[in-house]
Amino acid sequence: MKITTYAAEASTKQPRADLDVTNRSSKASDYVISVEHVSPSGERHTEAHTSITHPAPEQVAHDRAGSPTQVNAPVTCRITNVIRVTP
């Protein structure tokens, strides 16, 4: 799992993270991913979540975790939590 692109929309200042998720399980799985947007000093400005359902084993899924909260300072993002459920 990795963040492939991070940016804040120029017109709305809403941050988003594009993610690639590879299902390394031997079964189709569901994922819930949390991302936080933080300032260089470590202050958390906002968070975003996304879910990916049933990628097959070794399949790569692409998704975006975006926040509706505007950020008015430079921020970066990091994955803070991943929940994987195998039905």
Side-chain angles (χ1 to χ4, degrees):
M1 179 161 321
K2 66 180 177 179
I3 297 170
T4 58
T5 306
Y6 173 76
E9 298 291 339
S11 61
T12 64
K13 298 184 180 180
Q14 295 171 329
R16 62 173 170 73
D18 294 330
L19 305 163
D20 281 356
V21 178
T22 304
N23 181 8
R24 303 275 185 217
S25 172
S26 62
K27 297 180 181 180
S29 301
D30 298 335
Y31 294 85
V32 177
I33 303 135
S34 300
V35 175
E36 70 178 355
H37 307 280
V38 296
S39 69
S41 67
E43 179 185 357
R44 183 179 188 159
H45 286 267
T46 185
E47 65 182 345
H49 309 278
T50 191
S51 61
I52 297 172
T53 55
H54 286 75
E58 298 305 317
Q59 184 177 24
V60 178
H62 310 284
D63 207 347
R64 178 174 285 172
S67 172
T69 303
Q70 291 185 344
V71 292
N72 294 311
V75 292
T76 60
C77 68
R78 61 183 171 211
I79 296 170
T80 57
N81 193 35
V82 176
I83 298 170
R84 182 176 63 87
V85 177
T86 304

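No hydrogens, no waters, no symmetry mates; every other heavy atom, side chains included, goes into these values. Everything numeric in this text was worked out from a predicted model, so none of it was measured.
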Give me the atom names and distance for the closest heavy-atom approach of Ser67 to Ala48. N-CB, 4.0 Å

For Glu47, all residues meeting salt bridge (Lys or Arg N to Asp or Glu O under 4.0 Å), sequence neighbours excluded: Arg44

Minimum side-chain heavy-atom gap Leu19-Ile79 below 4.5 Å: yes

Residue list, side chain to side chain contact (heavy atoms under 4.5 Å, CB included) with Ser51, at least two apart or on another chain: Val32

Side-chain heavy-atom pair Cys77, His37 within 4.5 angstrom cut-off: yes

Hey, does His54 have a side-chain heavy atom less than 4.5 Å from the side chain of Asp30? yes

What I'd like to find out is whether the side chain of Val21 reaches to under 4.5 Å of the side chain of Pro55, using heavy atoms alone. no

Provide the closest heavy-atom pair for His45 versus Ala73 in the form atom of the first, atom of the second, distance. CE1-CB, 4.3 Å

Any non-hydrogen side-chain atom of Asn72 less than 4.5 Å from a side-chain atom of Lys13? yes

Between CD on residue Gln59 and CD1 on residue Ile52, distance to nearest 0.5 Å: 10.0 Å

Work out which heavy atom in Asn23 is nearest to a heavy atom in Ala28; give both atom names and the distance. ND2-CA, 3.8 Å

For residues Thr22 and Tyr31, report the shortest heavy-atom separation together with the two atoms involved. O-OH, 4.2 Å

Taking all non-hydrogen atoms of both residues into account, name the closest pair between Thr50 and Arg64 and its distance. OG1-O, 3.6 Å

How would you list, by chain and number, every residue that makes a side chain to side chain contact (heavy atoms under 4.5 Å, CB included) with Thr4, sequence neighbours excluded? Lys2, Asp18, Asp20

Could you work out, with salt bridge (Lys or Arg N to Asp or Glu O under 4.0 Å) as the rule, every residue matching Glu43, not counting sequence neighbours? none

Results of side chain to side chain contact (heavy atoms under 4.5 Å, CB included) for Thr86 - residues two or more places apart only: Ser25, Lys27, Ser29, Arg84

For Ser34 and His49 the tightest heavy-atom approach is OG-ND1, 2.9 Å

Could you check whether any side-chain N or O of Glu36 sits under 3.5 Å from a backbone N or O of Arg78, counting only pairs where one atom can act as donor and the other as acceptor? no

List in chain and number order the residues that pass side chain to side chain contact (heavy atoms under 4.5 Å, CB included) with Thr76, two or more places apart in sequence or in another chain; answer none if no residue qualifies. Val38

